[in-house]
Amino acid sequence: EDKVVQSPLSLVVHEGDTVTLNCSYEVTNFRSLLWYKQEKKAPTFLFMLTSSGIEKKSGRLSSILDKKELSSILNITATQTGDSAIYLCAVGRGGSGNTGKLIFGQGTTLQVKP
Amino acid sequence: KAGVTQTPRYLIKTRGQQVTLSCSPISGHRSVSWYQQTPGQGLQFLFEYFSETQRNKGNFPGRFSGRQFSNSRSEMNVSTLELGDSALYLCASSFRTGGLQETQYFGPGTRLLVL
């Protein structure tokens, strides 16, 4: 059965800290791994990683895909209170029978204290 | 470009009733996927529509159904509501061509409470 597991499930840090969120997956026909940030309602897209793009960076956020270890990390440097959210990892599979479906992990709840 | 919109944002129903939720994708996006989000199960895939056809379906009972219109807007329907259907229903759109998995952009969701 396809599985996406995130760790830790929750994390409390102070402003300025650096955090690393983990995502591991066991899926057949892996195609892409996506990171989302969910604050109130809608998950907001952060990064998509594939075989042709295993490292992405945007400002203080960066992510790496390790296809050998079937995992990904999301790094946030110099955290701010506005980074407090649930971070979701999702995996997409290839093949016509898998289109439109993302398999999500449980999410990591990050709280950044002033 | 306007984002994904969903209506209504909040809904309260009683057991046994049915409900219809609506989703308008980002302009130009042709694929719409629906997800159910609950504290216990997280985000679970319901179904995906592309060019008015259901292309993929998750493991939900037949009470959950959907459709897509020619303008790519989509609706999902839940009949004979149960207490366990209380959840946040999210729709996501993507451009999607040639069967490639494209980035999905989510709407704000519809919060459904079944009493």
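Below, read A as the first sequence line, B as the second, and so on, with proteins coming before strands; counting in each chain starts at 1. This is a predicted model, so every value here is computed, not measured.
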Other residues, nucleotides, ligands: >12 heavy atoms within 6.0 Å of A/K57 NZ: yes

A/V91 with B/L90, same ILVMFWY side-chain cluster at under 4.5 Å: no

Distance-minimising heavy-atom pair for A/L88 and B/L43: CD1-CD1, 3.5 Å

Whichever hydrophobic residues join A/I64 through chains of side-chain contacts under 4.5 Å: A/I73

Transitive ILVMFWY side-chain link B/Y35 to B/Y49, under 4.5 Å: no

Residues of residues 54-78 of chain B contacting chain A, heavy-atom criterion under 4.5 Å, by residue number: B/R55, B/N56

Neighbour count >12 (heavy atoms, 6.0 Å) for atom CZ, B/R15: no

Validation row, ring centre B/F45 to ring centre A/F104 under 6.0 Å: no

Flag, side chain of A/Q106 to backbone of B/G42, donor-acceptor distance under 3.5 Å: no

In one Ile/Leu/Val/Met/Phe/Trp/Tyr side-chain cluster, 4.5 Å: A/L74, A/V4: yes

Chain A-proximal positions within residues 80-89 of chain B [heavy-atom distance under 4.5 Å]: B/L88

Side chain, backbone, both or neither of A/I103 within contact of chain B (heavy atoms, under 4.5 Å): neither

B/Q37, part contacting chain A, at a heavy-atom distance under 4.5 Å: side chain

Shared hydrophobic cluster for A/L70 and A/L49 (ILVMFWY, side-chain gaps under 4.5 Å): yes

Residue pair B/F47, A/K101: steps toward the side-chain contact (heavy atoms from CB on, under 4.5 Å) verdict: CA-CA 8 Å; B/F47 28 65; A/K101 175 182 178 180; over 6 Å; no

Contact summary for B/F106 and A/A42, nearest pair of heavy atoms: O-CB, 4.0 Å

Within-4.5 Å side-chain heavy-atom neighbours: A/L102 and B/S33: no

Quiz: residues 10-19 of chain A side-chain donor-acceptor pairs under 3.5 angstrom, not counting sequence neighbours:
residue, atom, partner, partner atom, Å
A/E15, OE2, A/T81, N, 3.4
A/D17, OD2, A/H14, N, 3.0

Single-linkage hydrophobic cluster A/I86~A/I76, side-chain heavy atoms < 4.5 angstrom: no

